[in-house]
Amino acid sequence: MPDLENTKRYDPSEVEPRIVEKWLQSGLFHPEPEGTPEENYSVAIPPPNVTGVLHMGHALNNSIQDCLVRYQRMRGRRTKWIVGTDHAGIATQTQVERALAQEGTSRRDLGRETFVERVWKWRSQYGGTIIEQLKRLGASADYDTERFTLDDDYAQAVLKVFVSLYEKGYIYRDRYMVNWDPGTGSAISDLEVEQREVRDTLYYIDYPLATGSGAITVATVRPETMLADSAIAVHPDDERYRRLIGEKAILPLVGRKLKIIADEYVRPEFGTGALKITPAHDPNDFEIGRKHGLPQPSVIGEDGRITAEAPERFQGMTAADAQRAVVAELSQQGLIARTETYGHTVPFSHRSGQRIEPLISLQWFMAMDELAKPAIEAVTSGRVRFHPANQAKVYLDWMENIRPWCISRQLWWGHRLPVWYRDLDTYVGMEPPPGEGWERDPDVLDTWFSSALWPFATLGWPRETPELRAFYPTDALVTARDIIFLWVARMIMMGLEFTGSEPFSDVYITPIIQAPDGRRMSKSLGTGIDPLDLINGGPRPPVFARGGQPPGDFPAYGADAVRWGLLAMSSGQDVSFSEDKVAQGQQLTNKLWNASRLILLGVGPDARAAATPTTVEDRWILSRLERARTELSARIERFDFSHAALGLYDFIYGELCDWYLELVKPRLRAGEPELSSLLLHVLTETIAMAHPLIPFETEEIYSYVPGAEGLLAARVRPPEDGGAVADAAAEEAVQRAIAAVQALRRWRDQAGVRAGATVTARLEAPGYDETLDHILRLARLSLADANGDGAEPVATIAIPDGAVQILPSAELDLDDAQTRIDEQRAKLASEIDRAERKLANEQFVARAPAAVVQAERDKLDRLQAELKAL
RNA sequence: GGGCGCGUAGCUCAGUGGGAGAGCGCUCGCUUCACACGCGAGAGGUCGCUGGUUCGAGCCCAGCCGUGCCCACCA
C-alpha cells in the first residue's frame with residue numbers, strides 16, 4: 001500500500017497489478033448461473049485467436065465491453081462476460097507451418113495426426129497470452145469458464161449444427177466455382193477475398209474462324225486460361241458479330257473448335273466485344289457456361305499447375321510459366337493482334353495474400369437464404385439494434401443478397417467434417433457410421449462456422465445447462481465493422497435457427513483506430529502500437545513521434561489512462577489514434593488521485609459518508625454530482641462512450657476540483673464534521689460512477705475510504721433519482737459566483753495586479769449573500785470598511801446582475817484600470833446593440849418561439865444592468 | 001458501379017436551427033499548505049466551396065472540391 005500522504009503522483013504501475021489480483025481472488029467476475037436472462041446481463045467476447053496478442057483493436061473493444069459489464073454489475077445485475085479464444089483455423093495453422101518451415105520440415109512430412117498434435121502443443125505454449133493481457137487491461141470477464149472453440153463440448157455443438165443443417169438440406173456438397181487460395185492450398189469464402197488494384201497486360205488474341213477465312217479477336221488478361229476455353233460469346237445485338245453467331249472458331253494452340261454463342265452478359269464496347277468463355281477458371285464464365293450447357297475443361301489444378309487436360313507441352317507448368325509459354329507461341333504464330341496495359345481489380349486471399357485462382361472444386365456449401373430471412377426480420381423489427389444505427393443498413397444489404405457459403409477448408413487444424421464416404425455413399429452423423437470401409441472427409445470447417453455458435457455453444461448448448469438458462473440470450477455484442485458479415489450476421493442466423501432467439505439485442509460497432517497517417521494500425525506496416533507498451537511504457541513507433549522529436553518511449557500511462565483515452569477517442573466510424581487522449585486520461589487519474597488525497601487526508605478516520613449539505617456549495621455539488629451521474633449512465637446505455645469519458649473528465653476537473661474543493665478548503669481545515677461526511681459521500685459516488693471507465697484507480701481509492709467495505713467493483717450504486725436532487729437555486733447561485741470570480745480574476749490579470757495582493761472592493765449587485773465570502777477569497781478582495789464607503793472607485797467590474805467596484809490602493813495602476821473599464825463598456829454596448837437589433841426585428845419577434853424571444857429579452861435586461869453598474 | 005463516413009483553432013476532435021467549444025500545443029502571471037504530469041489568465045477559427053430554405057444556418061437541402069472505408073462477376 002502506498003503511503004497516501006507522500007504519494008503526490010498516482011503510480012498506476014504500482015497499483016494496477018495489485019488490484020487485478022484482488023479482483024481475481026474475490027471471485028466477483030464469476031456469477032452463479034441463477035436468475036433469468038432478462039434480469040442478468042451477459043456479453044460474449046469476440047474470441048481472439050488463441051495464439052494472438054493484444055492489439056489496439058482488442059484494447060478498445062474490451063475497454064468498451066468492460067465499461068458496459070462493470071456499469072451493469074454496479075447497477076446490481078448479475079453479470080457474465082463470456083471469455084475465450086478461437087482456434088482460428090487458417091491463421092493458427094499458418095503460424096505453426098511457418099515454424100515448421102524454420103525447422104526444415106513441413107506438415108506434409110509430419111502427417112496429419114502429428115501435425116495436429118503439434119498445433120495443440122503450440123497452443124499450450126503460446127496460447128493464453130492474450131487472456132493474461134485482458135486481465136492486465138482490467139477486463140472483468142469470467143475467467144473461470146474460459147472457452148475454446150475446439151473444446152470437446154464445443155465440438156459437439158458444431159457437429160450437431162452441421163448434421164442438423166445437412167438433414168434440412170441446407171448443407172450440401174457441390175462441384176462449383178470457388179475462390180482457391182494457392183497460398184493456403186484451400187478454398188476460401190467470398191468474405192475472405194479482397195480486391196486489389198493490379199496492372200495487367202490485356203492481350204488481344206485472334207481465334208481463326210473454322211470457315212478458314214478471317215478470325216475473331218478476343219481480349220484477355222489471362223491468356224493461359226485459353227487452354228480451357230469452351231466457347232466465344234458476343235452480344236446478341238452486336239452488328240459486327242451477328243452473322244458469326246452459331247459459327248465456330250479454332251482455339252489456337254489446342255485446335256479445339258469453339259462455338260460462337262450470344263449472351264447479353266457481353267459488353268460490346270469492351271475490348272473487341274468478343275469474349276472467350278472459360279467456365280472452369282472465371283466466375284462469370286462459369287455462370288455463362290452453366291447457362292449454355294458448355295463443357296468445363298479445367299487446365300489449372302489445385303496445386304496451381306497446368307493439368308493433363310491441357311496440351312502435353314504445358315502440363316506441369318505453373319500458371320505464370322504457362323502464361324509466358326502461351327504468349328510466346330501465340331506471338332510466334334502471329335496471333336496476338338496487340339496488347340495494352342490494363343488496370344483493374346483482382347481477387348487476393350485475405351489469408352495468404354496470394355492471388356486467388358478461381359476454379360471448379362468439389363466442396364461443401366451452405367445455402368443461406370432460408371436462414372437469412374428471420375435474421376433480416378430480427379433487425380428490421382428492432383429486436384436486434386445496431387449502434388450506430390446506420391450499420392444496420394450494411395447488414396441488411398448483405399443479408400438480402402446473401403449467397404451460398406463455402407464451408408469446407410482443405411486444412412488440418414479445425415473441426416473435421418462429420419462426413420464419411422464409401423463408394424458412392426455419403427454418411428453424415430455425429431458418430432462414425434457402422435460398418436467397414438468408410439473414409440472420413442479430410443476437410444475441416446471454416447473457422448467462422450464454429451464462431452457463429454459462440455454465444456450459445458460457450459454456455460453448454462446443446463445441453464440445457466443452467467448457464468444457458470441464466471445468460472442466453474446475451475445483451476450486447478461489441479465488435480468491429482470488418483466482421484459484421486463474417487461473424488455477426490452468422491451468429492444471428494445460427495442463434496435463431498438453433499435456439500429460437502437472437503443471440504444479443506444490441507450490436508455496438510466500434511470505430512476503427514487508425515495511425516496518424518490515416519492508414520490502418522498494423523504491426524507489419526509499422527503503424528501499430530502494442531497497448532501494453534502504452535500501459536507499462538515501451539517503445540513509441542516512429543510514425544507516432546510528436547513534434548518532430550525522436551520517438552523515444554511511451555511513459556507508463558497505465559491501463560486506466562489507456563482505457564479512458566480509447567473511450568474518449570470512440571466517436572465516429574474512423575478515428576486517428578491520439579496519444580494526447582491517453583495523456584489526458586493520465587491527467588485525469590492524477591487529478592482524481594490528488595483530490596482524493598485532499599479529502600481522505602483531511603477528513604480524519606472517524607468520518608463516515610453522508611449526503612448532508614449545510615451550505616449553498618454543498619447543495620450545488622450534490623446537484624451537479626447527480627446530474628453527472630445521470631448523464632454518464634445515459635451515455636453508457638446509449639453506447640456513447642466518448643461523451644461518457646469526456647463528461648466524467650469535465651465533472652471531476654471543472655466542477656469537483658476547480659470549484660467545489662476550492663470552495664470548501666477553509667471548512668475542511670476547520671475540521672467541520674458535516675463537511676467531512678459530505679466529502680466522503682461525494683468522493684465515493686464520484687469514484688463509483690467513474691469505476692466502469694477507470695476501474696483500477698477508483699478501486700484503489702475506495703480501499704482508503706473510511707467505512708467502505710468490500711470492493712468498489714461489487715458495490716451496487718443507488719439508482720439515479722431522475723432529477724429530484726437537482727437544486728436549481730443552488731446551481732444558479734454558485735454559477736453566478738463562478739462567473740463573478742472569473743470576471744474579477746481576468747480584471748486582476750489584465751490590470752497587472754500582483755498575484756498575491758488583496759484589493760479593496762465594494763459589491764454593487766444583489767443576490768450574492770451566500771457566496772460573497774467565497775468570491776472575496778478566490779478573487780483576493782477585501783470589502784471596504786465604513787471609512788472607505790465614500791471613496792471613488794478606480795475600476796468597476798461587471799459581474800452577473802451588477803458590478804464590483806475596486807477602491808484605490810497602492811496595488812493599482814489607475815490608467816490600466818480605466819482602460820479596462822472602457823473595454824468592458826464597449827463590449828457590453830456591442831452585445832446590447834446586437835440584442836436590441838434582434839428584438840427590433842419584427843420577423844424574429846413574430847416567428848421565433850416565445851421562449852427564445854423571452855430569453856433574448858432577459859439577456860438584454862441583464863446586460864443593461866451590468867452596463868449601468870459600470 | 002453502389003453504399004457509408006469525414007472536411008470546425010497549429011494538432012486530435014466535440015458541437016443536429018437562436019450569442020463558435022474541449023484536450024494538447026502556444027503566450028503571460030503564480031514555488032497559493034491535494035496535485036508544477038499543478039493553479040490563474042489569455043491569444044488563436046472566411047466552421048472545405050457555391051447556391052438554396054428560414055426571422056435566424058457550423059447544424060437542414062442541392063451541387064461542387066478534397067479525403068477515408070465497405071460492398072460489387074465486367075474480360
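Computed from a prediction, not measured in an experiment: that's the story for all the values here. A note on names: the letters A, B, ... follow the listed sequences, proteins ahead of strands, and every chain is numbered from 1. As a basis for the values below, the full set of heavy atoms in this structure was taken, side chains included, without hydrogen atoms, waters or symmetry mates.
- Of the side-chain N and O atoms in Gln391(A), none sit less than 4.0 angstrom from OP1 or OP2 of C70(B).
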**OP:** Any chance you could lay out the side chain to side chain contact (heavy atoms under 4.5 Å, CB included) test for Glu340(A) and Tyr203(A), step after step, and finish with the verdict?
**Re:** CA-CA 7 Å; Glu340(A) 54 192 48; Tyr203(A) 296 90; over 6 Å; no
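- Under 4.0 Å is where a charged nitrogen must lie from a carboxylate oxygen, and between Asp206(A) and Arg338(A) no such pair does.
- Counting non-hydrogen atoms under 4.0 angstrom, Tyr342(A) reaches the backbone sugars and phosphates but no base.
- For A34(B), there is no paired base (Watson-Crick or G-U wobble, both distances below 3.5 Å).
- Using a 4.0 Å heavy-atom distance criterion, Gln586(A) is classed as a base contact.
- Base-pair partner of A43(B): not found among the strands shown (Watson-Crick or G-U wobble, both distances under 3.5 Å).
- Residue Asn590(A) is the one, among Thr272(A) and Asn590(A), whose nearest nucleotide of RNA chain B lies closer to the 5' end (criterion: closest heavy atom).
- In this structure, C6(B) and G66(B) make a Watson-Crick or G-U wobble pair, each of the two defining distances being under 3.5 angstrom.
- Taking atom P in both G3(B) and C64(B), one finds a spacing of 13 Å when rounded to whole Å.
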Original post:
Base, backbone or nothing for each nucleotide of nucleotides 13-22 of chain B, written B, S, -, heavy atoms under 4.0 angstrom, 5' to 3'?
Top reply: SSS--BB---
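- Among the nucleotides C71(B), A41(B), A75(B), the one closest to any side-chain atom of Asp749(A) is A41(B).
- Of the candidate nucleotides A34(B), G3(B), U12(B), U12(B) has the atom nearest to the side chain of Ser578(A).
- When the nucleotides A34(B), C74(B), G5(B) are ranked by their closest atom to the side chain of Asn390(A), G5(B) comes out on top.
- Between Tyr395(A) and Phe485(A), the ring centre distance reaches or exceeds 6.0 Å.
- Nucleic acid contact for Glu662(A): base, since at least one base atom lies under 4.0 Å from a heavy atom of the residue.
- Residue Gln587(A) has no polar side-chain atom (N or O) positioned under 4.0 Å from OP1 or OP2 of C35(B).
- No hydrogens or angles were tested; on distance alone, nothing pairs the side chain of Glu5(A) with the base of A34(B) as donor and acceptor under 3.5 Å.
- Minimum atom distance to the side chain of Gln514(A) is reached by G68(B), of the listed G68(B), C70(B), G29(B).
- Of all nucleotides present, only C11(B) satisfies the Watson-Crick or G-U wobble test against G23(B), with each distance under 3.5 Å.
- Val218(A) comes within 4.0 angstrom of no nucleic acid atom, judged by non-hydrogen atoms across all strands.
- If you check every strand for non-hydrogen atoms under 4.0 Å, Gln742(A) touches sugar and phosphate atoms only.
- Contact detail for Tyr204(A) and Gly271(A): the closest heavy-atom pair is OH-CA, 3.7 Å.
- Here the two rings, on Tyr508(A) and Phe386(A), have centers that are 6.0 Å apart or farther.
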**OP:** Show your reasoning for whether side chain to side chain contact (heavy atoms under 4.5 Å, CB included) applies to Leu632(A) and Phe651(A).
**Re:** CA-CA 10 Å; Leu632(A) 184 63; Phe651(A) 172 75; over 6 Å; no
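- Residue side chain Lys393(A) does not reach the base of C4(B) through any donor-acceptor N/O pair under 3.5 Å, judged by distance alone.
- One interatomic measurement links the two molecules: CZ of Phe544(A) to P of C11(B), which rounds to 18 Å at whole-angstrom precision.
- The partner of C60(B), taking Watson-Crick or G-U wobble pairs whose two distances both stay under 3.5 Å, is G52(B).
- Comparing the same atom, P, in C24(B) and in G19(B) gives a spacing of 27 Å after rounding to whole Å.
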**OP:** I would like to know whether Val379(A) and Lys393(A) meet side chain to side chain contact (heavy atoms under 4.5 Å, CB included); could you show each step before the answer?
**Re:** CA-CA 10 Å; Val379(A) 171; Lys393(A) 185 176 160 47; over 6 Å; no
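- Judged by atom type and distance alone, Lys665(A) reaches the base of A34(B) through a side-chain donor-acceptor pair under 3.5 Å.
- By the 4.0 Å N-to-carboxylate-O rule, Lys291(A) lies too far from Glu287(A) to be salt-bridged with it.
- For the pair Ile483(A) CD1 and C69(B) C1', the interatomic distance rounds to 16 Å; values are reported in whole Å.
- Within the 4.0 Å cut-off from OP1 or OP2 of U32(B), not a single side-chain nitrogen or oxygen of Arg777(A) is found.
- Atom P of nucleotide G3(B) and atom CD of Glu400(A) are separated by 15 Å, given to the nearest angstrom.
- Ring geometry for Tyr342(A) against His344(A) counts as tilted: the plane angle lies between 30° and 60°, on a 0 to 90° scale.
- Side-chain proximity of Arg669(A) to C73(B), C28(B), A34(B): nearest is A34(B).
- Taking atom CG of Asn594(A) as the reference point, atom P of G38(B) lies 10 Å away to the nearest angstrom.
- Nucleotide A75(B) forms no Watson-Crick or G-U wobble pair with any nucleotide shown, as no partner meets the under 3.5 Å limit on both distances.
- Comparing the P positions of G15(B) and C69(B) gives a spacing of 23 Å, expressed to the nearest Å.
- Spacing of C1' atoms, G25(B) relative to U31(B), comes out at 24 Å, to the nearest Å.
- Spacing of C1' atoms, G7(B) relative to G42(B), comes out at 29 Å, to the nearest Å.
- Going from atom CG of Asp397(A) over to atom C1' of C71(B) covers 8 Å, rounded to whole Å.
- If you check distances only, the side chain of Arg481(A) never reaches the base of C70(B) with a donor-acceptor pair under 3.5 Å.
- With C1' as the reference atom, U50(B) and A43(B) are 32 Å apart, rounded to whole Å.
- Across all strands shown, Arg745(A) has heavy atoms under 4.0 Å from sugar-phosphate atoms exclusively, and none from any base.
- Remark: C1' of A34(B) and NZ of Lys591(A) are 8 Å apart, rounded to the nearest angstrom.
- Neither OP1 nor OP2 of C74(B) sits under 4.0 Å from any side-chain N or O of His344(A).
- Here Arg403(A) pairs with Asp190(A) in a salt bridge; the nearest charged N to carboxylate O distance falls below 4.0 Å.
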